[in-house]
Undergrad: 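Below are the structure tokens for one structure; questions will follow.
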Amino acid sequence: GAGVSQTPSNKVTEKGKYVELRCDPISGHTALYWYRQSLGQGPEFLIYFQGTGAADDSGLPNDRFFAVRPEGSVSTLKIQRTERGDSAVYLCASSHGTDTQYFGPGTRLTVL
Amino acid sequence: GQQLNQSPQSMFIQEGEDVSMNCTSSSIFNTWLWYKQDPGEGPVLLIALYKAGELTSNGRLTAQFGITRKDSFLNISASIPSDVGIYFCAGLTTSGTYKYIFGTGTRLKVLA
């Protein structure tokens with residue numbers, strides 16, 4: 001596709017459930033980033049992939065959060081035992097190396 | 001997570017007026033970016049700055065990379081209704097990984 005796509009666009013789940021959020025980066029982009037954006041805030045860094053490996057996962061809030069990028073393209077952000085505080089918009093961005101990041105539209109996660 | 005300080009937090013201006021906003025950090029950055037985010041969308045890059053003291057324009061937008069490398073400014077001239085949105089600054093860390101730290105955002109509303 002022409003841009004970064006994220007699915008689903010909206011996800012409503014119950015406290016304690018497991019969720020997966022998907023990101024399809026721009027074709028050929030080697031770097032992929034996940035951010036979390038709470039209401040009224042700027043995006044907060046979660047994790048950065050260079051190829052298949054996580055180059056920096058220092059922004060993941062705790063061990064309930066995990067992300068993979070097995071083939072160096074699509075990435076999945078996984079959240080276990082969701083909590084109400086996990087409710088936010090999860091943004092994905094990709095770039096060619098360290099060049100400009102291009103963002104997807106985000107997945108709005110609501111934990112009831 | 002860490003966020004940069006942006007001011008003002010929000011602005012209401014008349015169409016045709018000029019707008020100024022700034023972003024400050026306690027840390028030094030090698031790159032400053034300015035993004036605009038519309039509701040339900042991911043941030044879109046407006047201007048990138050790569051060198052201390054650099055002044056760069058993109059149409060009606062002008063941004064500057066502060067000499068101290070700890071701040072940046074964005075100016076919008078002759079505002080129009082479609083300038084409405086949230087503007088975020090972002091700084092690229094120098095800690096060895098390519099991680100962007102975002103500001104808290106400036107919400108701009110333009111009155112026709």
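Per chain, numbering begins at 1; letters A, B, ... match sequence-line order. Worth knowing before you read on, the calculation uses all heavy atoms, side chains too, and leaves out hydrogens, waters and symmetry mates.
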Undergrad: What pair of heavy atoms forms the shortest contact from Lys99(B) to Ser58(A), and how long is it?
TA: NZ-OG, 3.1 Å
Undergrad: Would you please indicate if the ring centroids of Tyr35(A) and Tyr100(B) are separated by under 6.0 Å?
TA: no
Undergrad: Between Gln3(B) (side chain only) and Gly42(A) (backbone N and O only), is there a donor and an acceptor less than 3.5 Å apart?
TA: yes
Undergrad: Restricting to non-hydrogen atoms, name the atom on Phe102(B) and the atom on Pro43(A) that form the minimum distance, rounded to 0.1 Å.
TA: CB-O, 3.3 Å
Undergrad: If you check every heavy atom in residues 40-60 of chain B against those of chain A, which residues fall under 4.5 Å?
TA: Gly40(B), Glu41(B), Gly42(B), Pro43(B), Leu45(B), Tyr50(B)
Undergrad: Could you look at Tyr35(B) and say if it's the side chain, the backbone, both or neither that has a heavy atom under 4.5 Å from chain A?
TA: side chain
Undergrad: Between CD of Glu44(A) and CD1 of Ile101(B), what distance do you get to the nearest 0.5 Å?
TA: 9.0 Å
Undergrad: Within a 6.0 Å radius of atom OH on Tyr102(A), are there more than 12 heavy atoms belonging to other residues, nucleotides or ligands?
TA: no
Undergrad: Which Ile, Leu, Val, Met, Phe, Trp or Tyr residues join Val19(A) in one cluster when any pair of side-chain heavy atoms under 4.5 Å counts as a link?
TA: Leu21(A), Leu32(A), Trp34(A), Leu46(A), Ile47(A), Phe49(A), Leu60(A), Phe65(A), Leu77(A), Ile79(A), Tyr90(A), Leu109(A), Val111(A)
Undergrad: If you count the non-hydrogen atoms of other residues, nucleotides and ligands that lie under 6.0 Å from CD in Gln9(B), is the total more than 12?
TA: no
Undergrad: Measuring heavy-atom distances to chain A, does Gln37(B) have an atom under 4.5 Å in its side chain, in its backbone, in both, or in neither?
TA: side chain
Undergrad: What is the distance from atom CD1 of Ile86(B) to atom CD of Gln41(A), rounded to the nearest 0.5 Å?
TA: 10.5 Å
